[in-house]
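Remarks on the structure that follows.
Just so it is clear, the structure is predicted and the values come from calculations on it, not from any experiment. If you read the sequence from its start, that first residue is 1, and numbering goes on from there.
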Amino acid sequence: MTPLISPSILSADFAALGEAVRDLDAAGADMIHVDVMDGHFVPNMTIGPGVVSALRPHSELPFDVHLMVAPADPFLEAFAEAGADIITVHPEAGPHLHRTLQTIRGLGKNAGIALNPATPLSFAEPVLDMLDLILVMSVNPGFGGQAFLDGQLARIARLREMIEGSGRDIVLEVDGGVTPDNAARIVKAGASALVAGTAVFRGGASAYADNIAALRGSGGRARAR
Ligand code: DX5
Ligand code: ZN
């Protein structure tokens with residue numbers, strides 16, 4: 001299967017995010033992964049809905065917004081208004097995951113949950129019928145440039161079985177430490193989308209298309225736009 005590639009702008013030059021989004025679009029990215037961090041749920045802070053809104057006009061690609069914030073509920077409407085297409089939350093970010101997902105879908109957005117390396121996969125089971133995406137964290141969230149946690153491969157395979165069993169078209173996305181060296185194994189385990197920051201931004205804008213193609217694997221030439 002050829003995976004969707006969702007470059008994370010966490011690795012971009014934060015002084016030129018609009019240019020980065022335009023360059024990623026031109027280089028053939030399938031989505032733009034926006035890592036939102038609050039310095040509370042994760043030990044880092046990044047951007048908020050105002051930046052997402054500023055970036056929206058720079059690409060028509062889906063904005064794949066990963067909320068590493070707690071609580072997430074107070075910010076769902078703002079990110080939906082700002083132009084998020086997919087809003088992904090961590091189950092630990094609030095007391096009522098079902099209601100949070102109901103709210104995201106009620107805002108007309110695709111809903112995702114992100115599972116940290118130690119979060120039980122069973123968190124996904126009761127809400128599978130509400131999910132458009134499951135994000136497997138293959139690093140502990142907060143920073144780019146970390147090493148892929150190989151132990152997540154078995155969890156990716158288990159989630160693929162759960163998704164097949166649900167009969168739903170749920171994107172299984174993997175985030176953290178994804179490189180051309182491990183991408184094929186991650187896809188073979190069952191991933192249908194890959195988030196990458198370091199591996200895409202390496203070498204600068206002239207390298208984005210080749211870096212994205214390398215993650216897609218053989219035959220995955222970048223779609224120049
Ligand atoms: C962690 C972030 C990173 C980022 C990808 O909280 O979510 O995983 O998206 O970073 P790289 O590809 O540099 O590991
Ligand atoms: Zn992320």
Side-chain angles (χ1 to χ4, degrees), residues 4-90 93-94 100 103-114 132-133 135 137 141-145 171 173 175-176 178 193-209 211-212 215 222-225:
L4 297 173
I5 305 301
S6 187
S8 167
I9 57 171
L10 182 68
S11 301
D13 173 359
F14 272 32
L17 285 174
E19 182 182 350
V21 166
R22 290 196 304 274
D23 288 344
L24 291 169
D25 188 325
D30 295 295
M31 302 191 281
I32 301 290
H33 189 80
V34 182
D35 280 314
V36 179
M37 301 180 188
D38 64 358
H40 167 64
F41 185 70
V42 293
N44 194 0
M45 291 178 87
T46 58
I47 61 175
V51 175
V52 173
S53 179
L55 293 175
R56 187 66 276 181
H58 293 271
S59 170
E60 289 179 13
L61 289 178
F63 278 10
D64 168 29
V65 175
H66 175 192
L67 295 184
M68 288 163 274
V69 306
D73 289 352
F75 301 99
L76 299 177
E77 188 165 352
F79 279 101
E81 295 272 307
D85 296 284
I86 304 167
I87 299 177
T88 297
V89 297
H90 285 255
T100 298
T103 303
I104 294 170
R105 297 172 69 84
L107 289 163
K109 303 302 177 182
N110 283 357
I113 59 168
D132 302 288
L133 182 142
L135 179 60
M137 292 308 298
F143 301 94
V171 174
E173 189 174 55
D175 180 0
V178 176
L194 303 175
V195 173
T198 305
V200 170
F201 282 88
R202 181 179 290 124
S206 60
Y208 293 173
N211 292 344
I212 289 169
L215 288 167
R223 285 177 297 100
R225 282 174 172 266

Please report the closest heavy-atom contact between F143 and P43, naming both atoms and the distance.
CZ-O, 3.2 Å

Heavy-atom nearest pair, G142 first then V42, reads CA-CB, 4.1 Å

Taking N110 for its side chain and I86 for its backbone only, find out whether a donor-acceptor pair lies under 3.5 Å.
no

So do I32 and L55 actually touch side chain to side chain, heavy atoms under 4.5 Å?
no

Testing I104, L133, V36, D132 for side chain to side chain contact (heavy atoms under 4.5 Å, CB included) with I87, which one passes?
I104

Heavy-atom pair with the smallest gap, counting every atom of L10 and G144
CD2-N, 3.5 Å

Does any pair with a residue in residues 5-20 pass side chain to side chain donor-acceptor pair (under 3.5 Å), and if so which ones, sequence neighbours excluded?
S6-D64, S8-D35

Verify, without hydrogens or angle tests, whether N211 (side chain) and R202 (backbone) share a donor-acceptor contact under 3.5 angstrom.
yes

Could you state the interatomic distance from CD1 (I212) to CD1 (I5), rounded to the nearest 0.5 Å?
7.5 Å

Under the ring pair (Phe, Tyr, Trp, His ring centres under 6.0 Å) rule, what pairs show up with a residue in residues 51-89, not counting sequence neighbours?
H33-H66, H66-H90

Below 4.5 Å, heavy atoms only, C-beta onward: do I9 and L24 meet side chain to side chain?
yes

Salt bridge (charged side-chain N to carboxylate O under 4.0 Å, His left out): pairs with one or both residues in residues 42-54, sequence neighbours excluded:
none

Please, which pairs that meet ring pair (Phe, Tyr, Trp, His ring centres under 6.0 Å) have at least one residue in residues 10-29, sequence neighbours excluded?
none

How close do M68 and P141 get, heavy atom to heavy atom, and via which atoms?
SD-CB, 3.7 Å

Before you tell me yes or no, could you show the steps for L61 and M31 under side chain to side chain contact (heavy atoms under 4.5 Å, CB included), namely the whole-Å CA-CA distance, both residues' side-chain angles and the distance that decides it to 0.1 Å?
CA-CA 5 Å; L61 289 178; M31 302 191 281; 5.7 Å; no

Between the main-chain N or O of D73 and the side-chain N or O of T100, is there a donor-acceptor pair closer than 3.5 Å?
no

For residues 74-85, which residue pairs pass the side chain to side chain donor-acceptor pair (under 3.5 Å) check, not counting sequence neighbours?
R56-D85

Determine, step by step, whether L76 and L67 satisfy the side chain to side chain contact (heavy atoms under 4.5 Å, CB included) criterion, reporting the C-alpha distance in whole Å, the side-chain angles of both residues, the deciding distance to 0.1 Å, and the verdict.
CA-CA 9 Å; L76 299 177; L67 295 184; 3.9 Å; yes

Sorted by chain and residue number, the salt bridge (Lys or Arg N to Asp or Glu O under 4.0 Å) partners of D38 (sequence neighbours excluded) come out as none

Where do A196 and V178 come nearest, in terms of heavy atoms and distance?
CB-O, 4.0 Å

